[in-house]
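For reference, the structure discussed in these notes is given below.
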Protein chains: 2
Amino acid sequence: MKLTQSTCKICKGSESSLFSCCTPEEIENLNLATNCSFYKKGQPVFQEDSMPVGLYCVSEGLVKVTKLGSNGKEQILRIAKPGDLVGYKSLIMSMRYKASAIAIEDSSICLIPKSQFQELLNSNRAFYDGIMQLLCEEIDSAETKITDIAYKPVRGRIAEALLLLNSSFVDKEQITLTREDLAGLVGTVKETAIRIISEFKNENLIEINKRSIKIINEQGLKKISHLYD
Amino acid sequence: MKLTQSTCKICKGSESSLFSCCTPEEIENLNLATNCSFYKKGQPVFQEDSMPVGLYCVSEGLVKVTKLGSNGKEQILRIAKPGDLVGYKSLIMSMRYKASAIAIEDSSICLIPKSQFQELLNSNRAFYDGIMQLLCEEIDSAETKITDIAYKPVRGRIAEALLLLNSSFVDKEQITLTREDLAGLVGTVKETAIRIISEFKNENLIEINKRSIKIINEQGLKKISHLYD
DNA sequence: CGGCTGATTGAGCTATGTCAAGGGCAGTGG
DNA sequence: CCACTGCCCTTGACATAGCTCAATCAGCCG
């Protein structure tokens with residue numbers, strides 16, 4: 001994978017990015033202060049219980065945000081893709097991270113220093129509002145996840161996760177997560193995830209090349225995912 | 001239960017309340033616009049999928065915020081006690097409620113009209129910051145809940161829930177939730193919750209008078225709750 | 001070629017859900 | 001004051017989804 005030197009303009013470009021509400025000068029300031037680095041697949045960006053020093057913005061690659069559960073299993077809370085911010089909650093609360101972030105692909109990730117972030121928060125109301133929206137969305141998805149994990153069978157959760165992954169990463173059309181990460185995402189173990197994936201394959205809902213999964217019957221998966229609503 | 005006519009001063013009094021960062025005039029304005037009503041146990045305050053008209057503030061009583069899961073089981077996302085706000089997320093996002101709120105005790109609940117809420121949000125930075133803190137805390141607790149439900153056995157989750165309930169409702173020292181609500185809180189079914197509660201009773205961790213639960217060995221429960229971390 | 005990482009598959013086991021049948025207590029109405 | 005009714009709570013018996021453990025396989029890289 002080739003990694004270009006990132007600038008915040010790139011992220012501003014992505015329509016989903018929060019930086020779209022920043023002025024050119026603000027972006028320029030960010031650029032000056034911001035520190036982009038490269039993370040190899042598997043490398044941690046930050047760790048649960050450490051203190052945040054700034055806000056991370058994924059420029060290229062993919063990052064999983066995980067929390068350690070009982071018996072050491074890891075629950076994936078969300079997966080951040082280019083343009084996504086990571087670690088803002090702990091930064092806002094000025095508390096230790098309650099989760100870890102780990103690159104699951106070779107990634108380029110920028111660090112916006114805490115001071116810059118706070119300045120933006122203070123000076124740019126739209127930015128502040130945007131962060132608030134992000135927080136609200138995160139609550140929504142967390143609450144949905146709670147309800148799913150509590151009552152929806154693994155089969156339904158995997159179907160749902162595949163659909164979600166597919167819709168978020170439209171560009172690539174292939175889901176390349178490790179089976180173990182997929183399991184962590186829906187709160188089950190590797191083996192169970194694998195079994196269900198092969199069921200889906202046998203039912204012609206998905207195709208598998210090498211490790212990566214391609215959805216070929218979206219409707220079917222949707223039906224399975226909502227079977228129990 | 002006797003319900004007095006509420007004023008926002010009451011909520012302002014509770015140190016946890018967000019209104020403590022409001023000026024006396026702001027409080028006075030709220031009082032004028034705010035509309036307090038009484039809800040009988042079991043009565044809905046608002047329903048999933050309806051549009052928010054304002055912010056609810058629990059003055060007396062207890063309210064559960066629930067989401068319907070697969071097969072119609074209800075997951076309790078949180079329980080709001082006097083001084084707590086309910087329904088701010090959907091209000092901020094201007095979206096339909098993603099959860100319902102139901103009184104689980106006879107309650108007195110005030111409705112702050114949407115316009116008032118937004119005005120406060122716009123004019124009082126401390127209030128805005130406070131809401132943001134609330135959102136962050138909610139994410140934290142939701143993410144913890146996800147991880148717990150995914151990997152911690154019911155026994156541990158019930159112990160945890162009892163401890164949490166106990167610490168939030170210090171004044172009453174007794175947990176009076178229905179077994180079914182307790183089950184909904186930790187994502188299991190009534191029968192399982194009941195069985196585990198009787199185990200706890202047999203192990204002298206809790207006492208039961210009538211339906212209500214009193215913790216008599218906090219350390220023991222903590223140990224069970226963290227057995228699997 | 002050997003070693004490593006991840007994917008698979010099989011065989012059991014167990015926690016937890018489901019179904020069904022009481023039991024107790026509180027409020028209501030005669 | 002008693003019987004009735006409607007909540008909850010409780011317990012037992014049983015079924016099964018999903019977890020654990022263990023063995024094997026397949027691709028990949030040095």
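Letters go in sequence order (proteins before strands), and every chain restarts at 1.
Ranked by how close their nearest DNA chain D nucleotide is to the 5' end, B/E191 and A/V189 are led by B/E191. Position along DNA chain C of the nearest nucleotide to A/K201 versus A/A150 favours A/K201 as the more 5'-ward residue. Place B/S198 and A/I196 on DNA chain D by their nearest nucleotides, and B/S198 ends up nearer the 5' end.
Separating the CD1 atom of A/I208 from the C1' atom of C/dT9 is a distance of 14 Å, rounded to the nearest angstrom. Distance, B/I194 CD1 to C/dT18 C1': 14 Å, rounded to whole Å. Put simply, NZ on B/K190 is 16 Å from P on C/dG22, counting in whole angstrom units. To the nearest angstrom, P of C/dA15 lies 10 Å from CD of B/E199. If you take CD1 of A/I213 and P of C/dG6, they are 15 Å apart, rounded to a whole angstrom. Between A/N209 atom CG and C/dA7 atom P the separation is 14 Å, expressed in whole Å. Here C/dT18 presents its C1' atom at 14 Å from OH of A/Y151, a figure rounded to the nearest Å. Look at CG on A/L177: it is 14 Å from C1' on C/dA7, rounded to the nearest Å.
Comment: A/E203 engages A/R155 in a salt bridge, judged by a side-chain N to carboxylate O separation of less than 4.0 angstrom. B/E218 and B/K222 are joined by a salt bridge, as a carboxylate oxygen and a charged side-chain nitrogen come within less than 4.0 angstrom of each other.
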Check nucleotides 23-26 of chain C against the protein and report each pair of N or O atoms closer than 3.5 Å, with its distance, or say if there are none.
| unit_1 | atom_1 | unit_2 | atom_2 | d |
| --- | --- | --- | --- | --- |
| C/dA26 | OP1 | B/K210 | NZ | 2.8 |

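When each of A/K64, A/Q75, A/R157, A/K145 is checked for a side-chain contact (heavy atoms from CB on, under 4.5 Å) with A/L185, only A/K145 meets the rule. For the side chain to side chain donor-acceptor pair (under 3.5 Å) test with A/K98, the passing option among B/D140, B/T147, B/T144 is B/D140; the others fail.
Here B/K41 lies out of heavy-atom contact (under 4.0 Å) with every strand.
Across A/K89 and B/C136, no two heavy atoms sit closer than the pair CD-O, 3.6 Å. Nearest heavy atom pair, residue A/L68 against residue A/E48, reads N-OE1, 3.3 Å. Considering all non-hydrogen atoms of both residues, A/Y88 and A/L85 come closest at CE2-O, 3.5 Å.
A nucleotide of DNA chain D counts as in contact with chain A when one of its atoms lies under 4.0 Å from a heavy atom; the first and last such, 5' to 3', are D/dG18 to D/dC28.
Put simply, B/T192 has no side-chain N or O that comes within less than 4.0 Å of OP1 or OP2 on C/dA15.
With A/C36, the cysteine A/C110 has an SG gap short of 2.5 Å.
A donor-acceptor pair is defined here as one N or O able to donate and one able to accept, closer than 3.5 Å; no such pair exists between the side chain of A/R179 and the backbone of A/E191.
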